[in-house]
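Below: one structure, written as structure tokens.
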Amino acid sequence: MGAQKSIHAGKAKIDFNVDFSHKLSEAISSDQRSYGTLSSQIIGSLSVKHPNLFGRNEKLDILWDKGLKDSNILIALRRPRPEWYSQQSFVFQHSITPEIAVHGEPKNDFTRSESSGINLCRFSLGLDLDEPSTSNWLSTTSIKFEHIRPINDEGRSIIRDSDGFPITSSGNQNDNMVVLKQESEYAVVNDDSFSRLNFQMEQGLPLLPKWLVFNRFKFTASKGIKLGRTFLTTSLTGGSIVGDMAPCQAFTIGGFGNVRGYGEGAAGSGRSCLVANSELTVPLRNELQGAIFMDCGTDLNSSWLVPGNPALRHGKPGFGIGFGFGIRLNSRLGQVWVDYAINAFRGKGFYFGVNNVGS
């Protein structure tokens, strides 16, 4: 049972989508525990957009998402700029999410990850600077303060996991950091092919003695090419982190967008990672396409470098290989996709979702 509605209040636009879910959502959830309050059974989103907040073309975006076990509030104020200046955005975000990718326990031949009762309460406040595009390059610089506090399912702060290992880098109830991030992306797209290259570099700044100091690097290179009536897409993703780190900052192996056939993070987690994906799509009829794919990934034997080595304690292999097939349907909502994947341990699972949903 649900409701969708769009409302125009002056120049502001309000979109909301509320779904009162109970038994069905609990049945398909990876964690079968039920929650007692009514608010925990509400799945929905609320979006408020104002194109001219103070009469000088300042754009205000407010987004609220609520799931059975997670929530997210994002407030962004974007200031106008000339074309040759950076676009400034002031961003506030607060979220609560289950920490499944690193601390989750693999189940059913690694096809899903079950919550271990650890959730992350995140608060961040910062400034984004979108640089003017140059040729095929886009660049964004941001600086933000981030506060991460692990909590249990009842909302109380915790500092250790079920095995007694610390789940923060500081050893206290929270980790604080100021992060300077630089992201650059190169893209060339035409009807027969595309090429994309994305670099991300994060630097934790030592402004106070107990704040995290680290350098985290990640890249993604992808290529698509048309082969007759088919289209082949390949990508390679890798990254590494040096310096201070909390376990939740580890790179993970497994899940959609990573290695299909595994639950989120069920194949491994480490200070470094390397993931390769390939997919061949074939047109069937009208807006329907078929796809076959193969994914593989490894933590590059770096799981022992993560504080507490949660991957070893949960029996994760440190690598994953998955392959399967699926369908893609282009609709008014976006591209609807369904994948069936098999992993290296003969575990089987379905993945489904919608990409590029219009607002």
Side-chain angles (χ1 to χ4, degrees), residues 83-84 86-87 89 128-142 180-203 215-241 251-262 267 272-284 287-300 319-331 333-339 341 351 353-359:
E83 292 182 358
W84 56 89
S86 300
Q87 172 73 61
S89 302
D128 293 344
L129 299 174
D130 294 324
E131 303 293 336
S133 60
T134 303
S135 183
N136 296 314
W137 284 94
L138 294 175
S139 182
T140 301
T141 303
S142 65
L180 178 64
K181 179 179 179 180
Q182 176 69 42
E183 180 174 0
S184 299
E185 180 170 308
Y186 171 84
V188 176
V189 181
N190 56 51
D191 293 338
D192 296 327
S193 66
F194 72 84
S195 299
R196 290 191 180 95
L197 187 60
N198 180 278
F199 293 100
Q200 299 178 27
M201 181 76 76
E202 294 178 306
Q203 178 64 55
N215 183 275
R216 192 176 195 268
F217 171 75
K218 182 180 179 180
F219 76 90
T220 300
S222 57
K223 176 71 175 179
I225 185 170
K226 190 173 183 180
L227 301 173
R229 297 179 65 246
T230 68
F231 197 86
L232 176 65
T233 302
T234 60
S235 68
L236 182 67
T237 300
S240 187
I241 180 172
F251 294 92
T252 59
I253 308 297
F256 171 72
N258 195 292
V259 180
R260 285 163 286 189
Y262 296 82
S272 303
C273 80
L274 197 62
V275 176
N277 309 97
S278 60
E279 179 171 299
L280 184 69
T281 56
V282 182
L284 299 178
E287 301 298 323
L288 186 65
Q289 296 177 319
I292 55 175
F293 59 84
M294 175 174 287
D295 306 328
C296 60
T298 173
D299 64 12
L300 298 174
F319 67 91
I321 300 175
F323 61 93
F325 57 89
I327 58 173
R328 312 284 184 263
L329 176 63
N330 296 322
S331 69
L333 294 176
Q335 186 183 68
V336 181
W337 53 266
V338 179
D339 287 339
Y351 298 82
V354 180
N355 294 332
N356 302 320
V357 180
S359 58

Set of residues satisfying side-chain hydrogen bond (donor to acceptor under 3.5 Å, both in side chains) with respect to [X], sequence neighbours excluded:
{"X": "Ser184", "answer": "none"}
{"X": "Gln203", "answer": "Asn215"}
{"X": "Ser240", "answer": "Ser272"}
{"X": "Asn190", "answer": "Ser193"}

- Distance, nearest 0.5 Å, that separates NZ of Lys218 from OG1 of Thr220: 5.5 Å
- Under 3.5 Å, side chain of Asp299 to main-chain N/O of Ile253, donor-acceptor pair present? no
Do you know which two heavy atoms are closest between [X] and [Y], and how far apart they sit?
{"X": "Gly255", "Y": "Tyr351", "result": "C-CE2, 4.3 Å"}
{"X": "Ser222", "Y": "Ser235", "result": "CB-CB, 3.7 Å"}
{"X": "Gly326", "Y": "Asp339", "result": "CA-OD1, 3.5 Å"}

- Task: Applying side-chain contact (heavy atoms from CB on, under 4.5 Å), name anything that partners Val189, two or more places apart in sequence or on another chain.
- Result: Phe194, Arg196
- Message: Once side-chain contact (heavy atoms from CB on, under 4.5 Å) is applied, do any residues pair with Ser142, and if so which ones, sequence neighbours excluded?
- Response: Asp128, Lys181
Non-neighbouring partners of [X] that pass ring pair (Phe, Tyr, Trp, His ring centres under 6.0 Å), sequence neighbours left out:
{"X": "Phe217", "result": "none"}
{"X": "Phe256", "result": "Trp337"}
{"X": "Phe323", "result": "none"}

- Item | Reference residue Thr230; test side-chain contact (heavy atoms from CB on, under 4.5 Å); the match among Ile225, Thr281, Val282 | Val282
Extract all donor-acceptor atom pairs below 3.5 Å that involve side chains of residues 287-298 and protein atoms in other chains or at least two apart in sequence.
unit_1	atom_1	unit_2	atom_2	d
Asp295	OD1	Arg260	NH2	3.1
Asp295	OD1	Asn277	ND2	3.1
Asp295	OD2	Arg260	N	3.1
Asp295	OD2	Arg260	NE	2.7
Asp295	OD2	Arg260	NH2	3.4
Thr298	OG1	Leu300	N	3.0

- Task: Evaluate the criterion side chain to side chain contact (heavy atoms under 4.5 Å, CB included) for residue pair Leu274 and Leu236; output intermediate values, then yes/no.
- Result: CA-CA 7 Å; Leu274 197 62; Leu236 182 67; 4.0 Å; yes
- Message: When you compare the side chain of Ile327 with that of Val336, does any pair of heavy atoms fall below 4.5 Å?
- Response: no
